[in-house]
Amino acid sequence: MTALTKPVRVRYAPSPTGDFHVGGARTALFNYLFARHHGGNFILRIEDTDQKRYNPEAVNWLLNGLRYLGLDWDEGPEVGGEYGPYVQTERLSIYQHYCQQLLDNDLAYRCFATPEELDEMRRERKPKGLPTYDRRYRDYDPAKALERADSGESHVIRIKLPLEGNITVHDAIRGDITFQNEILEDVIIVKSDGIPTYHMANVIDDHLMEISHILRGDEWVSSMPLHIHLYNAFGWEPPTMAHLPVILNPTGKGKMSKRESRAPDGQILPVFVRTFEELGYLSDAMVNYMALVGWSYDDKTEIMDREELIERFSLDRVNASPASWNYEKLNYFNGVYMRALTPEALAKQIMPYVKEAGINADYDTLVKIAPFIQERLNVLSDAPQWVDFFFVDELPAYDLNMLVPKKMSLEDVPSILKTAHDILAQTEFNHDAIDAALRVGVKTLGIKAGQMFQPIRIAVCGKMVAPPLFNTLEILGKETTLKRLEQTLSRLEQN
RNA sequence: GCCCCCUUCGUCUAGAGGACUAGGACACCACCCUUUCAAGGUGGCGACACGGGUUCGAAUCCCGUAGGGGGCACCA
């Protein structure tokens, strides 16, 4: 492999036609890790040669997504670079030049077949397992073709591929793959609008940008022979190619959906980077998890920070087989990273979500709460439901039956709450003092700890599931705690 | 239909001929801890798709079958 002597330059080259999907993100990540591992450059190139499907929002989704994941690019939109422009529609004259070269060398030809003709060919040839185009203009007189083209007749330009023999291409992950030239099609390299197709533009750009390794999705393996033929036609040495396994749905059946759906329990199943970010998946967790979809370091290590991933990433540990996306495991990773945050960092991270939920929270209080909700959050957007009751004047009404402790009835509740109230009124409001005082109450009442704490929790939080009680009370403060106990008692009286 | 790729627990994977009674992680189950929920701890369930070879010996190599995936556009 002579490529070892060349500087490592890899690119992520998405087409701005839709939202930024995790499949694309994983490809970007592998390129990024590979580049950083080798001290090379990670290049971002926008492949916008399809003007019909172009979506102006897509570039923003992409750029924001990459930034969220922390995959900074060395060359590309916004940062520039010596090999620009990095947007294909700004490179049209370059492609034109190389296309002419192919035409001049009889390695490409103009084709005047109409869409209708093509449809007919498809109908006839497809069932026979043949490629659509029957090469009817392959041997058409170039002079006549030029004449028709000059007169303005609509046409495309096709590559002239070998008719027989085999071509063996090498994939860094899969090894050698052999294709029969016979089944290859003289594909279109320049569309009738004068814009090149992906196949042509990508080859020219990768060569001109001195890309050393192409790491791309597995859907491109069938285009490998075509691309290699194009490199050969230009007389260029192709980069090392590696095709990454596709990401399958969590069930393991089928390519991961391009549309977001919901799980049976109503949970949204995100597939766009933007949605993961909105739900509050930590950048580090996403990166760590995604790195493990199709790649592994060893038989044990899974939690790795960016530096470790960069240091350890290598192509020969990328799997050739498809991998399915596992939301539970991602959640676990997110939990791990969430728990590693300092209270300050967590407070900062959840603040936007809390505000978004209409909760009037202050940073200092969130910092105090943080340690107690930290191990209970799956994603940042879970935070509001854990902290809302800290920041309201009046608790929303809840079902009084929630107050009833195990093996007791509603009639037992008032005396428990009354006892709690009286004890707490005389207690210093810190965790240990509350703990000690309440346990005395448990003893006097002759009930179990849980039976006493349950109604207090409900009275104070208004919900069955909440952060640890004593810490909660401490943060809430004596005044609020006593007030909520009183309010509950009076509700019970009216009941 | 044709071409190509892939195939170890439900899922992600380790394994590159003997170290395998097939290891780890998520999920699941049980127990422990415990004021709810978590987190944590301990243990458990659970896989080499199938059939032929090659070899003294195969999860590992070869062939076939089956299954899965990708591609076959004036989309990338």
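Every chain is numbered from 1 and lettered A, B, ... according to where its sequence line falls, protein lines coming before strand lines.
Comparing rC50(B) with rG67(B), their C1' atoms sit 10 Å apart, to the nearest whole Å. rA39(B) and rA66(B) have their C1' atoms separated by 45 Å, given to the nearest Å. Remark: the separation of the C1' atoms in rC45(B) and rA25(B) is 16 Å, to the nearest Å. Distance check on atom P: rG69(B) versus rC12(B) gives 13 Å, rounded to whole Å. Comparing the C1' positions of rG24(B) and rG64(B) gives an interatomic distance of 34 Å, to the nearest angstrom. One C1' atom belongs to rC20(B), the other to rC48(B), and the distance between them is 11 Å to the nearest Å. Comparing the C1' positions of rC5(B) and rG10(B) gives an interatomic distance of 24 Å, to the nearest angstrom. For the P atoms, the distance from rG71(B) to rU11(B) is 22 Å, rounded to whole Å.
The nucleotide whose nearest atom lies closest to any side-chain atom of K126(A) is, among rA38(B), rA73(B), rU35(B), rA73(B). Here rC5(B) is the nucleotide among rC2(B), rC5(B), rG70(B) with the atom lying nearest to any side-chain atom of I177(A). Each of rU35(B), rC3(B), rG69(B) was ranked by its minimum atom distance to the side chain of H431(A); first place goes to rU35(B). Out of rA76(B), rA73(B), rA14(B), the shortest distance to the side chain of Y198(A) is found at rA76(B).
A donor-acceptor pair shorter than 3.5 Å can be found between the side chains of Y95(A) and D205(A). Side-chain contact check for D48(A) and T89(A): at least one donor-acceptor pair (N or O, by modelled atom type) lies under 3.5 Å. For the residue pair N202(A) and E47(A), no side-chain donor N or O sits within less than 3.5 Å of a side-chain acceptor on the partner.
Checking each of R136(A), R135(A), K160(A) against D186(A) for a salt bridge (charged side-chain N to carboxylate O under 4.0 Å, His left out) leaves exactly one that passes, namely R135(A).
For RNA chain B, the neighbouring residues in residues 149-158 of chain A, judged by any heavy atom under 4.0 Å, are V156(A).
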Stepwise, does the side chain to side chain contact (heavy atoms under 4.5 Å, CB included) test hold for Y12(A) with L215(A)? CA-CA 8 Å; Y12(A) 175 57; L215(A) 276 53; over 6 Å; no
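The residue among A466(A) and R174(A) whose nearest nucleotide of RNA chain B lies closer to the 5′ end is R174(A). In terms of position along RNA chain B, the nucleotide closest to P322(A) lies nearer the 5' end than the nucleotide closest to the other residue of the pair F470(A) and P322(A).
Stacking of R158(A) on the aromatic ring of Y137(A) is not recorded, the 6.0 Å distance cut-off and the 45° axial limit not both being met.
Across all strands shown, R53(A) has heavy atoms under 4.0 Å from base atoms, whether or not it also approaches the sugar-phosphate. Among the protein residues, A291(A) comes within range of no part of the nucleic acid, since none of its heavy atoms lies under 4.0 Å from any strand. Within 4.0 Å (heavy atoms only), T49(A) reaches sugar-phosphate atoms of the nucleic acid but no base atom. Residue-level contact check: K448(A) touches neither bases nor backbone, having no heavy atom under 4.0 Å from any strand.
Phosphate proximity of rU11(B) to S324(A): absent, as no side-chain N or O sits under 4.0 Å from OP1 or OP2.
The side-chain heavy atoms of N334(A) and N378(A), taken from C-beta on, include no pair separated by under 4.5 Å.
In a base pair of the Watson-Crick type (N1 to N3 plus N6-O4 or O6-N4) or a G-U wobble (N1-O2 and O6-N3), with each distance short of 3.5 Å, rU35(B) is matched with no nucleotide. Both distances falling under 3.5 Å, in either a Watson-Crick or a G-U wobble arrangement, occur for no nucleotide opposite rG17(B).
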